[in-house]
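All values below were derived from every heavy atom in this structure, side-chain atoms included, with hydrogens, water molecules and symmetry-related copies excluded.
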Amino acid sequence: MSTLADLLRLRTGLRPGQIEQLHRLVGQWQLIADLSFADLVLWVPSGDAWLAVAHQRPTTGPTTHPDEVVGQVREGDDAKAMEWAFAGPRIVREGGAAGPGPLRVRQETVPVLHDGVAVAVLSRETPLAAGRMPSQLDLAYLSSAGELLQMVSEGSFPHAEHGLDAETAPRVGDGALRLDRTGHVVYASPNALSAFRRLGVVGDVLGAHLGQTIASLPADGPIDEPRGSAAVAAALRFLEPRDAELESSGRTVLLRVLPLVPGGEPRGALALVRDVSELRSRDRALLGKDATIREIHHRVKNNLQTVAALLRLQARRLDDPAARAALEESVRRVGSIALVHETLSTTFDEQVAFDEVADRVLSMCAEVAAPSTGVRVLRTGSFGVLAAETATAMALVLTELVQNAVEHGYPSGRRGTVEVVVSHQGGGMTVVVADDGQGLPAEPVTGRLGLQIARTLVESELRGTLTVDPGERGARATVVLPASG
C-alpha cells in the first residue's frame, strides 16, 4: 500500500508546503472523525478524476467503509460535489450520496486550504441509517466537529503540531468537554467527568469555569503556577492549542484545549482529557530502575578505582622490576574497565558513546606506559555508540593493543606515533592500531600476555578476528568485527 507521501509525490503536482499541510491534517483528523462518528477521506485532483490518498475511521462508531479506500478514484457524476467544493471553495452537503455497494451515505465535502488556495477536499461520510433521537453527547460532538470542518475550509485547522506525544495525547473517547467563550463548561462527557472526579473535584463540573475548577484541585505538592488553568486561559485568549498535565489526589490527567474559531469568530474551546496515572506510574518505576542501574555502575567504578589504587601502591613497594611492571599493567586494565562504568553511570540506557572512552584509554596508555618517550597516540574515525558489554571488551582490547605498541615499538627515548583508525562498512567495524616503531621482533609475538588477552576478548566477547602483521614502517594490529544482530 502506497503511503500518503508516495501518492502525493507520484500522482499530484502539489508543492512541498501544500503537501506538508495535508500531512498536518492527516496527523490531527482523528479528532474530527471521532466527533463526527463518521469516516473521513482525503481526495486530491488527479487529471480529470479524484484520487483518495488517506482514510480515517472513527473510534466512536461503526465505519462507513470496511474495505480499503486509499487508491480509489471517483470521477464524473460521483465527483461533482468534490469539484464544487474545490472550485468554491465552499462546503458542499449531499443528503444521499452513493456509498460502497448498495449503501447510501450522507456526505459532506470540505475544501482543504493552504495559503487561501484549495489543494484537496475532505469528505465526511456517514451511513444513512434509521433515524434516532440524538443524545446530548451526539449534539455536543457533532457541533464541535462542524466547527472544526468549517475551520478546515477556512485554512485555520489543523493547528501547528502540539507538544503532546501522539501515543499518549488525549482523544475524544478518553474524555471531552465543550467550553463557551468565557471558559465555562457547557457539556462534559461521562469519561471527562470521571477523570475530574478521580482528580478530587467534588462539585459540579457542568456550568463551572474549567480554569477555576482546575485551580481549586488539591495539590499533591508545592505548585508555583496552576499550569492547567493557565492553559485554558491562554487557549481562549490567544486562540492557539494549549497542553497541560494535571496532578492531584495521586492521579495524573493530560489536558489539551483546542480553541474553536469558525468564521474567525471565537466560540469557545474543546477540551480533551486523558487519565494517564498508570502510564506515569510505570514511567516513574522505570526512572527509578534506571537510577538504580546508574548508581550500581557508579559504585562499580569507585570500587575498580580503589582496586587500581591498591595495586599501584603495591607496585611501588616492589623491588622486582618485572613484578612492578605486571602490577602496573593490571592497573591499566582495571582503569579501562572503570572508564566504561563511569560513562554508564551518566547515561539512561546500557549504551556508551565510545569515542570519549577510547580517547581517555589512549591517553592513559601513552602517559603511563611510556612517560619518558615522545610517543603520541591519535584516533581517526568514530566508534559510535556501543552496547555496554561490547564497550567493556573494546576498552580492554584497545588498552592491550596500544600498550603493546607503545612498550615494544619504541625503545626508551625514541619518538613516534601510534594511530588508531576506525572504519565502518556493511554494519561491521574495523579497528586498526598501527605504529611507526621498530617493527615486529624476529620471535613470535603471540605468546605475549597482552595479545593473548586481546585475542581472547575479540574472539569470545566481540565475535571478531585479530591479526598482527608488519606495517609500512612498524607493526599493525587489525580487529575486524562483524555486523551486530
| query | Any sub-3.5 Å donor-acceptor pair from Thr417's side-chain atoms to Arg376's backbone N or O? | reply | no

| Judged by modelled atom types alone, do Gln21 and Arg24 share a side-chain donor-acceptor pair under 3.5 Å? | yes

| query | At what distance, to the nearest 0.5 angstrom, does CD of Gln30 lie from CG of Leu35? | reply | 10.0 Å

| Check: Val431 and Thr478 side chains under 4.5 Å, non-hydrogen atoms | no

| For the student: nearest non-hydrogen atoms of Pro259 and Pro241, plus distance | CD-N, 3.8 Å

| said: Just verifying a value: how many Å separate Leu258 CG and Glu240 CD, rounded to the nearest 0.5 Å? | reply: 12.0 Å

| message | Do Leu401 and Val479 make a side-chain contact, defined as non-hydrogen atoms from C-beta onward lying under 4.5 Å apart? | response | yes

| said: If the condition is ring-ring contact (aromatic ring centres under 6.0 Å, His included), which residues does His114 pass it with, not counting sequence neighbours? | reply: none

| Rounded to the nearest 0.5 Å, how far apart are OG1 of Thr12 and CG of Leu51? | 9.0 Å

| task | Mind checking side chain to side chain donor-acceptor pair (under 3.5 Å) for Arg379 and listing every partner two or more places apart, or none if nothing turns up? | result | Asp359

| Heavy-atom pair with the smallest gap, counting every atom of Ala322 and Asp320 | N-OD1, 3.1 Å

| message | Looking at Arg476 and Asp469, is there a salt bridge between them, counting it only when a charged N and a carboxylate O are closer than 4.0 Å? | response | no

| request: Could you check Thr182 against His184 for side chain to side chain donor-acceptor pair (under 3.5 Å), going step by step and ending with a plain yes or no? | output: CA-CA 6 Å; Thr182 63; His184 289 79; 2.7 Å; yes

| message | Could you check whether any side-chain N or O of Ser36 sits under 3.5 Å from a backbone N or O of Ala33, counting only pairs where one atom can act as donor and the other as acceptor? | response | no

| message | Under a 3.5 Å distance rule, please check whether Arg455 uses its side chain to pair with a backbone N or O of Leu466 as donor and acceptor. | response | yes

| said: Has His65 got a side-chain atom pairing as donor or acceptor with Asp67's backbone, closer than 3.5 angstrom? | reply: no

| Just checking, is any N or O donor in the side chain of Ser144 or Arg178 under 3.5 Å from an acceptor N or O on the other one? | yes

| task | Kindly indicate whether the side chain of Arg316, heavy atoms from C-beta on, has any atom under 4.5 Å from the side chain of Leu313. | result | yes

| task | Please check if the side chain of Asp436 supplies one atom and the backbone of Gly474 the other of a donor-acceptor pair under 3.5 Å. | result | no

| said: Quiz question: by atom type and distance under 3.5 Å, do the side chains of Thr430 and Gln425 form a donor-acceptor pair? | reply: no

| So which of Pro58, Pro62, Pro66 actually passes side-chain contact (heavy atoms from CB on, under 4.5 Å) with Asp39? | Pro58

| said: Surrounding CG of Asp204 (heavy atoms of other residues, nucleotides or ligands, distance under 6.0 Å), is the total greater than 12? | reply: no

| request: With the side chain counted from C-beta on, respond yes when Arg197 and Arg251 share a heavy-atom pair under 4.5 Å apart, and no when they do not. | output: no

| remark: Rounded to the nearest 0.5 angstrom, the CG-CG distance for Leu272 and Leu177 is 8.5 Å

| Backbone of Leu386 reached by a side-chain donor or acceptor of Thr390 within 3.5 Å | no

| query | What distance separates Leu239 CG from His159 NE2, expressed to the nearest 0.5 Å? | reply | 9.0 Å

| said: Quiz question: by atom type and distance under 3.5 Å, do the side chains of Asn191 and Ser194 form a donor-acceptor pair? | reply: no

| said: Measuring from atom CG of Leu199 to atom CZ of Phe196, what distance do you get when rounded to the nearest 0.5 angstrom? | reply: 6.5 Å

| Derivation and outcome, side chain to side chain donor-acceptor pair (under 3.5 Å), residues Thr3 and Asp6 | CA-CA 5 Å; Thr3 65; Asp6 293 335; 3.0 Å; yes

| task | Show your working on side chain to side chain donor-acceptor pair (under 3.5 Å) between Ser229 and Gln212 and close with a plain yes or no. | result | CA-CA 7 Å; Ser229 58; Gln212 295 174 0; over 6 Å; no

| Do you know the tightest heavy-atom contact between Asp355 and Phe383? | OD1-N, 2.7 Å

| Of the non-hydrogen atoms in Ala269 and Val257, which two are nearest, and what is the gap between them? | CB-CG1, 3.8 Å

| query | Quick one: does Asp275's side chain have a donor or acceptor within less than 3.5 Å of a partner on Ser277's backbone? | reply | yes

| Judged by atom type as modelled, is there a donor-acceptor pair below 3.5 Å linking the side chain of Ser189 to the main-chain atoms of Ala176? | yes

| Do the charged groups of Asp34 and Arg171 touch, with an N to O distance under 4.0 Å? | no

| request: Without swapping roles, check the side chain of His424 against the backbone of Ser382 for a donor-acceptor pair under 3.5 Å. | output: yes

| Closest heavy-atom contact between Leu22 and Leu14? | CD1-CD1, 3.7 Å

| remark: Between Ala405 and Asp435, the two heavy atoms sitting closest are CB-OD2, 3.7 Å

| task | Say whether, by atom type as modelled, one donor and one acceptor occur between the side chain of Ser248 and the main chain of Pro218 under 3.5 angstrom. | result | yes

